[in-house]
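Notes for the one structure printed next.
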Amino acid sequence: MANDIPAGIRIIRGANRTLGRVAPSLASRLSRRIFSTPRKFTPREWEVPFEASARRERLPSGLSVLRAGEGPLVALIHGWEGRATQFAALAPALLARGFSVVAIDAPGHGHSRGRQSDPYRFAEALIDVSAHIGSLYGAVGHSMGGGSIALALSSGLSLSRAALIASPSSLHDVLHRFSAAMHLPPKATEHFVRDARRRIMARGYRTDDIEGALRAVTVPALVVHALDDKEVPFTDAERIAGFWPRSTLLPVEHVGHRRILRDPITIAAIAKFFSAGVANEN
């Protein structure tokens with residue numbers, strides 16, 4: 001979640017220390033509501049040109065996307081509480097290399113419909129885009145968006161290449177990090193994680209986590225992560241690269257969790273990675 005925590009959540013965090021002990025199930029439910037309900041933020045000034053230059057479209061599912069360019073199609077999917085325009089720096093680099101891009105506002109984010117979201121809804125958004133706009137050559141995901149690429153691949157999404165930026169290596173760890181951030185005591189954390197897993201299974205998904213989702217994946221991947229990322233540790237990138245076959249790890253410095261989306265080294269590496277894939281196919 002974003003660092004600018006509103007007063008209401010700070011109050012709940014404080015209350016969780018007591019509520020989580022005397023009523024762990026209730027504390028879990030309150031935290032689940034916060035966990036699954038993204039806040040929306042106004043795009044930064046540097047994002048505005050992408051919105052102005054791309055075509056805003058709505059899919060039958062209610063997803064809102066930004067489209068631009070002609071050529072092999074690359075999907076761009078942001079992280080939790082992000083938006084499509086956060087790829088304003090990366091999209092032009094891909095367009096300049098002859099790709100077309102479709103930047104997705106995930107369910108409950110940006111201009112897309114819905115109020116609640118989670119990594120599996122992100123993955124479903126990628127599959128929806130592929131079904132309604134056309135086959136994807138590749139996909140780029142930031143943070144939770146990167147994890148959703150792995151989940152989508154395990155659910156049948158076809159890609160030639162993938163790039164993950166500052167992505168977590170484990171949804172299980174994400175749940176526990178959130179629990180810690182919300183100051184949930186152990187018993188309430190147990191309720192929270194168990195309920196999340198139950199809801200995942202009720203929607204027809206397995207709970208094998210990202211590592212399990214990638215066991216049979218053969219798509220080449222570029223894993224980019226900042227050494228100074230304070231929201232998702234660099235060790236997560238090392239784990240992803242360790243269990244994703246045909247992946248390459250690129251460490252970058254001094255760009256944290258979000259500035260990495262505008263980092264020239266990251267942008268150039270991703271554009272080159274996708275171009276190399278097209279060249280190898282020709």
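Just so it is clear, the structure is predicted and the values come from calculations on it, not from any experiment.
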Subject >> Rounded distance [0.5 Å steps], OG in Ser179 versus CZ in Phe192 >> reply: 5.0 Å

Subject >> Side-chain donor/acceptor of Trp244 to backbone N/O of Val219, under 3.5 Å >> reply: yes

Original post:
With distance as the sole criterion, is a donor-acceptor pair present between the side chains of Ser25 and Arg29 under 3.5 Å?
Top reply: yes

Original post:
Checking side-chain contact (heavy atoms from CB on, under 4.5 Å) for the pair Leu171/Ile210: CA distance, chi angles, key distance, verdict?
Top reply: CA-CA 7 Å; Leu171 300 180; Ile210 294 174; 4.1 Å; yes

Original post:
Do you know which two heavy atoms are closest between Ser112 and Pro107, and how far apart they sit?
Top reply: CB-CA, 4.3 Å

Original post:
Out of curiosity, does Leu63 fall in the hydrophobic cluster containing Leu136 (side-chain heavy atoms, cut-off under 4.5 Å, transitive links)?
Top reply: yes

Original post:
Which value, rounded to the nearest 0.5 Å, describes the distance between Glu124 atom CD and Leu157 atom CG?
Top reply: 12.5 Å

Subject >> For Pro49 against Glu45, the heavy-atom pair lying closest together >> reply: CD-O, 3.6 Å

**OP:** Determine whether more than 12 heavy atoms belonging to other residues, nucleotides or ligands lie under 6.0 Å from atom NZ of Lys40.
**Re:** yes

**OP:** Grab the two heavy atoms, one from Leu126 and one from Ala152, that are nearest each other, plus how far apart they are.
**Re:** CD1-CB, 4.1 Å

**OP:** Would you list the pairs meeting ring pair (Phe, Tyr, Trp, His ring centres under 6.0 Å) in which at least one residue belongs to residues 124-166, sequence neighbours left out?
**Re:** Phe99-Tyr137, His142-His257

Subject >> Interatomic spacing from CG in Leu222 to CG in Leu164 - rounded to 0.5 Å >> reply: 9.0 Å

Original post:
Does a side-chain heavy-atom distance below 4.5 Å link His225 with Val232?
Top reply: yes

**OP:** Specify the closest pair of heavy atoms between Ala226 and Val255, including all atoms of both residues, with the distance to one decimal.
**Re:** CB-CG2, 3.7 Å

**OP:** Test the Arg161-Phe273 pair against the cation-pi criterion, namely NZ or CZ under 6.0 angstrom from the six-membered ring centroid and within 45° of the ring axis.
**Re:** yes

Original post:
Charged N to carboxylate O below 4.0 Å: is that the case for Arg199 and Asp195?
Top reply: yes

Original post:
Do you know which two heavy atoms are closest between Leu175 and Ala196, and how far apart they sit?
Top reply: CD1-CB, 3.8 Å

Subject >> Interatomic distance, Ile165 atom CD1 to Ile77 atom CD1 [nearest 0.5 angstrom] >> reply: 12.5 Å

**OP:** Spell out, as yes or no, whether a donor-acceptor pair under 3.5 Å connects the side chain of Ser169 to the backbone of Ile240.
**Re:** no

Original post:
Quick one: are Trp46 and Arg262 in side-chain contact, heavy atoms under 4.5 Å?
Top reply: yes

Original post:
Excluding sequence neighbours, so at least two apart, what forms ring pair (Phe, Tyr, Trp, His ring centres under 6.0 Å) with Phe122?
Top reply: His78, His109

**OP:** Could you go through the side-chain contact (heavy atoms from CB on, under 4.5 Å) check for Asp229 and Phe234 one step at a time?
**Re:** CA-CA 7 Å; Asp229 191 326; Phe234 181 74; 6.0 Å; no

Subject >> Stepwise side-chain contact (heavy atoms from CB on, under 4.5 Å) check, Val140 with Phe87 >> reply: CA-CA 10 Å; Val140 181; Phe87 290 101; 4.2 Å; yes

**OP:** Mark yes or no for whether Ser160, through its side chain, and Gly138, through its backbone, hold a donor-acceptor pair below 3.5 Å.
**Re:** no

Subject >> Check: Gly256 main-chain N/O paired with Asp228 side-chain donor or acceptor under 3.5 Å >> reply: yes

Subject >> From CD (Glu238) to CG (Asp236), nearest 0.5 Å >> reply: 9.5 Å

Original post:
Between Arg197 and His172, does any side-chain donor sit less than 3.5 Å from a side-chain acceptor?
Top reply: yes

**OP:** Would you confirm whether Ser28, through its side chain, and Pro24, through its main-chain N or O, come within 3.5 Å as a donor-acceptor pair?
**Re:** no

Original post:
Taking atom CG of Leu227 as the centre, does the number of heavy atoms from other residues, nucleotides or ligands within less than 6.0 Å exceed 12?
Top reply: yes

Original post:
So, do Glu231 and Arg177 sit near enough that their side-chain heavy atoms are less than 4.5 Å apart?
Top reply: no

Original post:
Should we count CZ of Arg55 as having more than 12 external heavy atoms under 6.0 Å?
Top reply: yes

Subject >> Main-chain N/O of Arg39 paired with Glu81 side-chain donor or acceptor, under 3.5 Å >> reply: yes

**OP:** Show your working on side-chain contact (heavy atoms from CB on, under 4.5 Å) between His111 and Arg83 and close with a plain yes or no.
**Re:** CA-CA 8 Å; His111 295 272; Arg83 53 206 169 267; over 6 Å; no

Original post:
Given side chains that start at C-beta, do those of Asp118 and Ser36 come closer than 4.5 Å, heavy atoms only?
Top reply: no

**OP:** Measure across Val223 and Ser247 and return the closest heavy-atom pair with its distance rounded to 0.1 Å.
**Re:** CG2-CB, 4.4 Å

**OP:** Using atom types as modelled and distance alone, determine if a side-chain donor or acceptor of Arg44 lies under 3.5 Å from a backbone N or O of Thr85.
**Re:** no

Subject >> Within 6.0 angstrom of Arg194 CZ, more than 12 heavy atoms from elsewhere >> reply: yes

Original post:
What pairs meet the side-chain hydrogen bond (donor to acceptor under 3.5 Å, both in side chains) rule with one or both residues in residues 57-70, with sequence neighbours excluded?
Top reply: Arg56-Ser64, Glu57-Arg67, Ser61-Asp128

Original post:
Between Ser148 and Gly145, is there a donor-acceptor pair closer than 3.5 Å when you use the side chain of the first and the backbone of the second?
Top reply: yes

**OP:** Look up atom CD1 in Ile270 and atom CG in Leu94, then write down how far apart they are to the nearest 0.5 Å.
**Re:** 7.5 Å

Subject >> Polar side-chain atom of Glu51 near backbone of Val48 as donor-acceptor pair, under 3.5 Å >> reply: no

